Each structure stands twice: as C-alpha cells, then as structure tokens.
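Just so it is clear, the model here is predicted, and its values are computed rather than measured. Quick note on labels: first sequence line is chain A, next is B, and so on, each numbered from 1. Any value given below was found using the heavy atoms of this structure, including those in side chains, with hydrogens, waters and symmetry copies removed.
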Amino acid sequence: MKRKHSKSGLWFIFPSFVHLSIFVLFPIVFALFLSLHRWDVLKPDKPWVGLANYVVLFHDPLFWNAMGNSLYYVAFSVPLGMIVALGVALLVQQNTRGMQALRAIYYLPAVSSTVAISMVWTFIYLPDHGMIDWMLRSMGMHQWAHTDWLEDPFWAMPALIFMSIWTGLGPRMILYLAGLTGIPNALYEAAEIDGAGYWATFRHITLPLLLPTTFFILVTSSIGALQIFTPIYMMTKGGPMWKTDVVGYHIYTEAWRQFHMGMASAQSYVLFLVILVITVIQFKMVSKGLEEYSLQ
Amino acid sequence: MKQHKPNRFYWIISIFKLLMVLVIALFTFAPFLWMLIASLHPSHGSPPTPSHLMPKVWHWDNYRTVLTMDSVPFVRFFLNSLLVTFFVVICQLLLCSLAGYGFARLSFPGRDWLFVLFLASMMIPGQVTVIPLFLLVRSFGWLNTYWALIVPGISSAFGIFLMRQFFMTLPKDLDDAARIDGCNDLAIYWRVSMPLARPALATLGIFAFISTWTDFFWPLLATTTTNMRTLEVGLSLFKDSFGNTNWPLQMAASVLVLLPVIIIFLLAQRYLIQGIALTGLKG
C-alpha cells in the first residue's frame, strides 16, 4: 500500500489490541508462569517448583493415557469425517434448490448446541431402549443389540467418533464444495476427451486439486479434535475406566476437580506442543504431496 | 464433477445418488426428529423407545413442566443467554470491523506484524488460556457476573480476519473520493465502508451469535450460581437434576435450547456460507 503512513490506523486496532493483550496474550504468558509453580487454588502458599510439574506429568500414566485417547480420537474421527464429507460434497455439488436444502440439513448439527446434541446421542446410545440397539435388533443382529455403547470400555470411544462424523459433516462439506468449485471445468473436459473414466478423473484431477482444501480441513479439524471437551463432559465423564479421558477433559479435571492449576497449565502447554508438532508433520506431508503433483 | 453422457447407466447412477443423499439427510436429521418425538412421550414410566415410536397422547405439557421448574429456572437461563449474546455480538461487530478496517485500509507502522500476531493467537488452544483467564476474571471479582460472560468475548481474531478480508475487496476509489470531500479515516469507515459491509457484518453477526449462544466451557467455569447460568450450561444442569433418567423432559429442554439457533440458522444460512467462502474458515 503506497499511501502515506497515518497514525490513525493504530486507533482502529487499539480496542481489539487491548482486548487481545488482556484476554489472550497475558494468559499465554501467565499459563507458563503457573506451570512453574505448585498453584493450588485452595492453598495460600504457591511455591515455585521449576520444571517439577513437567517432570511429574512426564511420568504420569494417566496423563499419557489421556494423550493416547486424544490421538486415538483424532486418528479416526478426522480422516473418517473428511472422507464422508468429501463423498457428500461430491453428491450434492449441483447447485439446484433441492441440493441447497440438503446442504442446510447436513449443516444443522454443526450449529446446534453441543450439550443438547450430547444429550440426544446419549439417549440414542442407551442399552436396549436406544435407537442404535433398536436398529441392530430390527436387522436381526441380536448379539449386539444389548450393548451399552457409552459404558463399554471398547465401544465408548468409537461411539464418540461416530457422533463426531455426524456433527462435523456440514462445515467440512461446505469447505470441500468451495474447493470443488475452484477446479476449472476445462480439466474435466480434457480428461473426458482423453477417455478417462470417473475413477481416473477423481484420482488424477479432483483429489490432487483438492489438496489445499484437504490440508486446511485436516489441520483445523485436528486442532479442534485434540481439544474436544463438551461431549466427554456430558456423555462419559472420561469413563469407562478412563477410556475416553481425553486431554481436553483431563486438564479440566486437574484444574477444576483437583484444583491443581499449576499442573493443569503444564499439561495444557504439553498439549499445545503436541498440536504444534502434529500441524508441522501435516504441513510436511502436504508440501511433499504438492511437490509430487507438480512434478507430474 | 464430470458431465455424464446419457447412457444406460446414467439413470441408475442418478437414482443411486439421489437415494444416497436422502439416506444421509435422514441420518443427519433422525436424531433431531427423535429428540422432538421423544419430548412428547409421557415423562413417567420407562424411557421412550423407537419400537413404540409415536406416543399415544402427545404430552405438550412436558414443555410447560420444563419451563416452570423451580430448581432450573429455564426462562432466567434464556434471558441470561440473550443478554450476553446481544452484547457480545454488538461489541464484536464494532470492534472487529474497526480493527479489520484498520488492517485492510490504513497504513501504519507495525501493521503487518500486528496482524500476524492476531492470526497466530487463533492457533493457541483454549485449554492454555482458560486457566489464567479464570484466575484473572476471578481477581477482577467478575465470577458470577455478566462481565465475566461478556467481556472476554467482545473481540475476536476470527472476526477481525473476516472483516479485513471483506474490506480488502472494496474498491479504493470510494475512499479517495470521500477523502477529497474532506472526510477523515473515521468518517470514511463509518459513512462509506460500513454501509457497504452489511453482508460481511451479517456473516460476522451470525458466527458470533452461534458461537456465543452455544458456548459451554467458559460459562461453565465463570459461573457457579444457578441464576447466572446460560442456557447451554443450564441444559447440562437439567441432566444432573433428573439423575439421567427422565428422557422426555430432557429432550423437551433440548428442543427448547435448539429452537432459537436453528431458526436463526435457517434464516441466515446464506451469510454463514458466504463467510466460509470468504475466509476459508469455520467459526
């Protein structure tokens, strides 16, 4: 921008900057400070302990169990959610009125209250009375039809993942639709002239050209999924047997059930680090994919 | 994706596609439908089950029961949510459009550096900031007040980003014309750019509305007294107060909580989708 500098621009930013400083930047620094103390809300004495919190959590099996649960959740809910969303986007990409109405329906779960959603899914997962068990019974799968999905140590996490595919469908589908409209039609016409079939066209044109969209959804969904809290709080409370105790929920219990604010802050910083590492890995993977594609 | 030539598979594929989208729509909508139907089942006796889908008598009185319970003042929760969301949305529209305009249209030292700072703040997980935020708000004496529920939300990096992206698309000539007519930056922002920004403001408004109205984590921590709970937290209290058993009343409460957001969404979904296209982000 070649206009002369004007100081008045700073005044436009000023209110938001003050807000950011007090409610985001200061807390980030303060969290680091907290993580170096034994900061118990109920005790007046809050001694400096250096890296002790980090050392303790490094040897804490429950914390690593929570981290493992979070990674399990992310590893399934994000890729499965993305595959379903891409499939749905391909099905509804015609811009007719009917398709627009369907898109609105698919989006509905994403704008709904997570608490209400969690309540209705708890209801759906009820043993015997629930909708899932009823469907299994009507399909004749009686050996499964009495499962208490959220109380079963094996099934609780898959049940949460299944629900997350449902809630995440709308936003991911809209992003894929935006990506699909960005692909020039000429490429498809060229492919058709070359006699490429549906699958070859999808494999060699659609998928590679959607890579930036895929990357964006992958990164934002993973960051979101690593912090999941409300469904766990409402549906399983981390149980059964800590099988759904994900990091987002674990930090909450550490801070607001045990009142260990210092330890919880240390855990939140480790979570931040894990998110950072995963994002960087995803970045590397995608830039490699983009290189391969441009070499073709 | 690909224009199919009409061949003998064409109709089969089209019908298959149509069936697929309808099945997925049913899958998406079924939980909402089941919520509504279950909320009309009698609130005593065994929980509603899909094998007896429709209630013999439709118990609309469940809704009256929910709205008039003493232990969970639903109307109060609703008013709390309304007040908090109203102020958050108004403040975000003002502060985010100001900052977005500053970043998009004005030039000042450190601008790009500051913008990156705002963007980077979106990457910080909520779990990192929420504990210090809680201690901070507590030290202000704001716990169980509207201040705690409103002030941390009055500006957002996402909103600033969205408004900036929009202001970047407005032609510069308008600014220059107004400047020649003697308008200063603030007047150009308010009289020229803001009226043109109505679609973007609508988008930001609906994002802010939905994220504030459905926020759970922060109101859960910032309030402890029943009277200060928002609708979302209040709904979670419902579950506890019924000992996890009275499904028709739980579902009736859920329907009441969902209704306002769903109505707003259906009225304004155009703006929501525009916003996603503008920023490549979801809220």
Side-chain angles (χ1 to χ4, degrees), chain A residues 1 3 5-10 12-13 15-16 19-20 23-24 27-28 30-31 34 88 90-92 102 104-106 108-109 111-116 119-121 123-124 129 131 134 166 171 174-175 178 188 198 201 206 216 227 229-230 234 248 251 255 261 264-265 268-269 271-272 275, chain B residues 1-2 17 20-21 24-25 28-29 31 34-35 38 47 49-51 95 98-99 101-102 106-109 111 114 118 121 124-129 131-133 136 152 154-155 160 185 210 214 216-217 221 232 235-236 239 247 250-251 254 257-258 261-262 265-266 269 273 276-277 280 282:
Chain A
M1 208 181 281
R3 187 170 296 141
H5 278 305
S6 73
K7 283 276 164 20
S8 83
L10 275 172
F12 279 78
I13 317 294
S16 288
H19 178 268
L20 183 82
F23 295 107
V24 183
I28 292 169
F30 192 35
L34 284 171
V88 172
L90 290 171
L91 285 171
V92 299
L102 282 171
I105 290 179
Y106 297 155
L108 218 46
V111 295
S112 301
S113 137
T114 317
V115 173
M119 274 160 69
V120 76
W121 277 89
F123 187 43
I124 286 168
H129 286 284
M131 183 167 262
W134 171 77
W166 180 81
I174 294 290
L175 287 168
Y188 290 121
Y198 188 91
T201 314
T206 313
F216 181 80
Q227 300 177 53
F229 170 78
T230 310
M234 289 301 297
I251 293 172
M261 299 282 185
S265 296
S268 74
Y269 256 88
L271 171 66
F272 184 25
I275 288 176
Chain B
M1 175 171 56
K2 197 178 151 228
K17 272 186 166 179
M20 284 284 286
V21 291
I24 299 164
T28 315
F29 203 63
W34 182 215
M35 184 191 277
T49 158
S51 47
L95 294 189
L98 267 174
Y101 184 84
L106 302 169
S107 175
F108 53 89
R111 184 190 66 177
L114 269 173
F118 272 96
S121 78
I124 309 292
Q127 273 90 354
V128 170
T129 51
I131 296 166
L133 186 63
L136 190 71
I154 57 170
S155 168
I160 293 169
D185 288 337
I210 290 173
T214 62
F216 178 68
F217 196 32
L221 302 174
E232 190 77 350
L235 185 60
S236 78
K239 184 177 170 161
W247 289 102
Q250 279 196 50
M251 291 300 109
S254 298
V257 171
L258 281 181
V261 205
I262 289 182
F265 166 68
L266 291 178
Q269 46 150 324
I273 285 159
I276 292 166
K282 68 188 179 80

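- Within the 4.5 angstrom heavy-atom criterion, atoms from both the backbone and the side chain of A/Leu108 approach chain B.
- Using cut-offs of 30° and 60° on the angle between ring planes, the pair B/Phe217 and A/Phe229 is tilted.
- For chain B, the nearby parts of A/Ala104 are the backbone and the side chain; heavy atoms of each come within less than 4.5 Å.
- Of the atoms belonging to B/Leu95, heavy atoms from both backbone and side chain fall under 4.5 Å from chain A.
- The contact between B/Ile154 and chain A is made by backbone and side chain atoms together, counting heavy-atom distances below 4.5 Å.
- In terms of heavy-atom pairs under 4.5 Å with chain B, the best-connected choice from A/Phe123, A/Trp121, A/Phe23 is A/Phe123.
- In this structure, chain A has heavy atoms under 4.5 Å from both the backbone and the side chain of B/Val128.
- Closest of all the heavy-atom pairs between B/Thr129 and A/Val24 is CG2-O, 3.9 Å.
- A/His19 touches chain B through its side chain: at least one heavy atom from C-beta onward sits under 4.5 Å away, while N, CA, C and O do not.
- To the nearest 0.5 Å, atom OG of residue A/Ser16 and atom CG of residue B/Leu98 are 7.5 Å apart.
- Classification of the B/Tyr101-A/Phe12 ring pair by plane angle, with boundaries at 30° and 60°, yields tilted.
- At a 4.5 Å heavy-atom cutoff, the contact between B/Met251 and chain A is made by side-chain atoms alone.
- Most heavy-atom pairs under 4.5 Å with chain B, from the set A/Ala255, A/Pro15, A/Ser112: that is A/Ser112.
- Of all heavy-atom pairs spanning A/Ala116 and B/Met35, the tightest one is O-CE, 3.8 Å.
- B/Thr214 and B/Glu232 get closest at one heavy-atom pair: O-OE2, 3.4 Å.
- For A/Ile105, the parts lying under 4.5 angstrom from a heavy atom of chain B are both the backbone and the side chain.
- Residues A/Tyr106 and B/Val21 approach most closely at OH-O, 2.7 Å, considering heavy atoms.
- For B/Ile131, the parts sitting under 4.5 Å from any heavy atom of chain A are the backbone and the side chain alike.
- Options A/Phe30, A/Phe272, A/Trp166, A/Tyr269 differ in how many heavy-atom pairs under 4.5 Å they form with chain B, and the most are formed by A/Trp166.
- Residues B/Thr49 and B/Trp34 come closest through the heavy atom pair C-CH2, 3.7 Å.
- Between chain A and the options B/Gly126, B/Pro125, B/Ala38, B/Gly102, heavy-atom pairs under 4.5 Å are most frequent for B/Pro125.
- For a residue to count as touching a neighbouring chain, one of its non-hydrogen atoms must lie under 4.5 Å from one of that chain's; by this rule A/Leu20 touches chain B with the side chain only.
- Nearest heavy-atom pair across B/Arg111 and B/Leu106 is NH1-O, 2.8 Å.
- Using a 4.5 Å cut-off between heavy atoms, B/Leu258 touches chain A through its side chain atoms alone.
- Rounded to the nearest 0.5 Å, atoms CG (B/Leu114) and CD1 (A/Ile13) are 7.0 Å apart.
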